[in-house]
There are 2 protein chains.
Amino acid sequence: MKVTDTPKQAGKPVRRRVYEHLKTEILTGRLSPEERLGEEHLAEILGVSRTPVREALHKLEAEGLIQPGAKRGFIVSGDSREEVEDRFEIRAVLEGYALRVISARIGEEHLARFEELIDRAEAALEANRMDEVFDLNTRFHDTLHELVSDRERLYRLIVDMRKQVLRYRRETLQSREGARRTLNGHRKIVLALHLKDPDLCERTMREHIRQAKEDALQAIMG
Amino acid sequence: MKVTDTPKQAGKPVRRRVYEHLKTEILTGRLSPEERLGEEHLAEILGVSRTPVREALHKLEAEGLIQPGAKRGFIVSGDSREEVEDRFEIRAVLEGYALRVISARIGEEHLARFEELIDRAEAALEANRMDEVFDLNTRFHDTLHELVSDRERLYRLIVDMRKQVLRYRRETLQSREGARRTLNGHRKIVLALHLKDPDLCERTMREHIRQAKEDALQAIMG
DNA sequence: CTGGGTGTTTTTGTATCCAATAATGGCCGC
DNA sequence: GCGGCCATTATTGGATACAAAAACACCCAG
């Protein structure tokens with residue numbers, strides 16, 4: 001299947017299309033850590049030359065999504081227990097700090113907005129629309145992190161890390177208990193923000209993400 | 001000057017040589033945030049083709065050292081007050097967490113080693129050998145972080161961030177007061193490790209790096 | 001004098017080609 | 001039959017060629 005077969009992506013730089021294509025394949029788990037990623041092979045499959053493929057691969061490597069394999073070429077970075085834990089822990093630390101920063105600059109109008117998102121997610125959970133729960137949870141974090149988008153590096157790190165674990169979240173949020181725990185966590189976060197207690201904010205967010213980590217580890221290997 | 005003019009680097013992949021060359025130029029401040037980095041231009045200067053130059057540039061971009069400029073090409077990422085603060089704050093958070101992790105796994109033999117490094121740095125400070133102070137301080141942190149090198153992503157993030165602010169540290173450690181403050185910070189870190197108090201460890205490291213941030217900001221704009 | 005538009009020039013993006021290098025498989029000696 | 005060595009081949013790294021796009025400058029109209 002050529003990349004260009006997806007028409008909505010047409011017109012933009014090939015290298016970006018290849019990059020996004022591969023990234024999606026990796027993050028959704030369609031590309032497993034066993035497969036060898038050869039430049040020529042990928043180029044052929046995607047119907048482009050090796051040049052943009054190489055650049056995409058290098059970028060993915062820099063992001064830590066793929067690694068040089070034992071033979072030649074790259075392989076998808078593992079989702080071993082350690083890898084997953086590491087990523088969630090980093091998220092916990094960075095986003096915990098971010099919430100501390102946010103607590104100092106947030107206003108009532110934001111808080112109302114967050115509560116609304118949680119309410120809607122809870123309604124969706126009652127109605128068993130789990131996909132909607134997932135979306136609303138994602139939006140909760142996205143909206144939150146928008147508030148530190150001026151801290152460019154911090155923001156980029158957080159967004160990157162979140163993408164890298166998104167697929168585990170999806171699994172967790174399929175289960176009612178997982179979704180329940182997540183929503184409770186979000187409630188606590190909003191509460192901590194209400195209280196404007198920076199330490200509490202940081203701790204709460206860390207706990208929330210650690211919980212997500214536990215859920216993810218459950219899903220991976222039970 | 002061709003890259004290959006430096007013979008010790010000969011034999012290794014061109015792209016890496018270019019990458020390291022540019023990185024050094026940036027981190028030491030020889031390449032200022034005003035200059036436009038054109039592929040062709042760089043390729044000519046370095047005596048290589050555009051291909052490895054591009055790959056190096058992309059990698060540097062992924063690391064956040066350069067950014068797409070307003071016109072075409074890349075520019076060195078700014079060292080505005082905000083940028084510098086952001087980097088130091090991220091360091092504070094990540095390394096604070098790292099010290100927490102380390103406190104749970106460290107043994108007496110390590111602690112002795114750290115104290116030795118500080119002692120030697122203090123001696124160097126007395127003797128006014130500031131370059132040696134700088135080296136020993138660097139080794140202090142390096143040795144420390146080795147202890148979390150199994151947490152691959154965390155480790156990479158920390159190492160990257162440290163490199164990005166290294167040049168400001170160099171300035172700080174030229175002054176006796178800056179060096180003094182730094183060594184005191186290190187003493188406190190070792191003390192916290194001795195006490196095996198995770199919370200204290202994290203707090204202490206954060207404070208230490210925040211102090212470094214203040215020193216750096218002083219140096220930048222007084 | 002100013003703004004818009006067009007032609008020119010630079011610079012970047014992609015493809016292809018050649019060289020270097022690592023993996024592979026077979027062959028020979030032991 | 002096993003292990004090491006060389007030839008073969010697959011695959012990546014680098015250079016070059018060509019296409020597309022963006023910046024630039026110039027000219028003309030208002």
Side-chain angles (χ1 to χ4, degrees), chain A residues 1-23 26 31 33-77, chain B residues 1-23 25-26 31 33-63 65-77:
Chain A
M1 175 197 63
K2 292 190 177 189
V3 167
T4 49
D5 286 353
T6 311
K8 63 168 181 176
Q9 295 180 332
K12 280 298 156 196
V14 177
R15 131 175 61 103
R16 168 103 100 293
R17 294 211 308 274
V18 173
Y19 165 77
E20 281 164 7
H21 175 79
L22 289 175
K23 186 159 181 174
I26 293 169
L31 229 46
E34 284 80 45
E35 333 214 14
R36 264 187 77 257
L37 303 172
E39 298 177 0
E40 192 132 63
H41 179 227
L42 290 172
E44 187 172 6
I45 288 181
L46 300 173
V48 300
S49 88
R50 276 177 51 214
T51 310
V53 172
R54 285 178 57 174
E55 305 198 336
L57 287 176
H58 285 310
K59 197 165 177 190
L60 291 168
E61 185 199 9
E63 285 182 43
L65 281 168
I66 62 178
Q67 298 172 320
K71 297 190 271 284
R72 281 184 148 202
F74 290 98
I75 54 173
V76 177
S77 291
Chain B
M1 177 199 65
K2 293 190 177 188
V3 167
T4 49
D5 287 350
T6 311
K8 63 166 180 177
Q9 296 181 333
K12 279 300 152 193
V14 176
R15 129 175 63 107
R16 185 178 294 117
R17 293 212 308 277
V18 173
Y19 165 76
E20 281 163 7
H21 175 80
L22 289 175
K23 187 160 180 172
E25 295 286 298
I26 293 169
L31 229 48
E34 283 81 44
E35 332 215 16
R36 268 187 74 257
L37 302 172
E39 299 176 1
E40 192 129 65
H41 179 228
L42 290 172
E44 187 172 6
I45 289 181
L46 300 173
V48 298
S49 87
R50 278 175 50 214
T51 311
V53 172
R54 290 180 57 133
E55 304 195 339
L57 288 176
H58 285 312
K59 199 167 176 187
L60 291 169
E61 186 199 8
E63 285 182 43
L65 281 167
I66 62 178
Q67 299 173 321
K71 297 189 273 285
R72 278 184 153 206
F74 290 98
I75 55 173
V76 176
S77 292

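Keep in mind that this is a model prediction, so the values were computed, not measured. Excluded from the calculations below are hydrogen atoms, water molecules and symmetry mates; all remaining heavy atoms, backbone and side chain alike, are included. Per chain, numbering begins at 1; letters A, B, ... match sequence-line order.
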Heavy atoms of Phe74(A) and Pro68(A) approach each other most closely as CD2-N, 3.6 Å
**Message:** For Glu35(A), is the CD atom crowded, meaning more than 12 foreign heavy atoms sit under 6.0 Å from it?
**Reply:** yes
Taken to the nearest whole Å, CZ/Arg36(A) to P/dA22(C) is 15 Å
Worksheet item: Counting only side-chain N and O atoms of Thr51(B), is one of them less than 4.0 Å from OP1 or OP2 of dG14(D)?
Response: no
The single option from Leu31(A), Val18(A), Leu65(A) that satisfies side chain to side chain contact (heavy atoms under 4.5 Å, CB included) with Lys23(A) is Leu65(A)
Between CD of Glu44(B) and P of dT12(C) the distance, given in whole Å, is 13 Å
**Item:** Arg15(B) side-chain N/O to dG14(D) phosphate OP1/OP2 under 4.0 Å
**Value:** yes
Glu61(B) atom CD is separated from dT12(C) atom P, nearest whole Å, by 13 Å
In whole angstroms, the gap separating C1' of dT14(C) from CG of Leu42(A) amounts to 17 Å
In whole angstroms, the gap separating C1' of dT21(C) from NZ of Lys71(A) amounts to 17 Å
Arg16(A) CZ to dA21(D) C1', in whole Å, measures 14 Å
Taking donor-acceptor contacts at under 3.5 Å, does the side chain of Arg50(B) reach the base of dG13(C)?
yes
*Answer with base, sugar-phosphate or nothing: what part of the nucleic acid does Ala43(A) contact at a heavy-atom distance below 4.0 Å?*
nothing
Separation of dG13(D) atom P from Arg72(A) atom CZ, nearest Å, is 7 Å
Glu39(B) CD to dA17(D) C1', in whole Å, measures 15 Å
Crowded around Arg36(B) CZ? As in, over 12 foreign heavy atoms under 6.0 Å? yes
Of dT16(C), dT12(D), dT11(C), the nucleotide closest to the side chain of Glu40(A) is dT12(D)
Decide side-chain contact (heavy atoms from CB on, under 4.5 Å) for Thr51(A) and Val14(A); before the verdict, give the C-alpha distance in whole Å, the side-chain angles of both, and the deciding distance to 0.1 Å. CA-CA 10 Å; Thr51(A) 310; Val14(A) 177; over 6 Å; no
Comparing nearest nucleotides in DNA chain C, the 5'-proximal residue of the pair Arg54(A), Gly73(B) is Gly73(B)
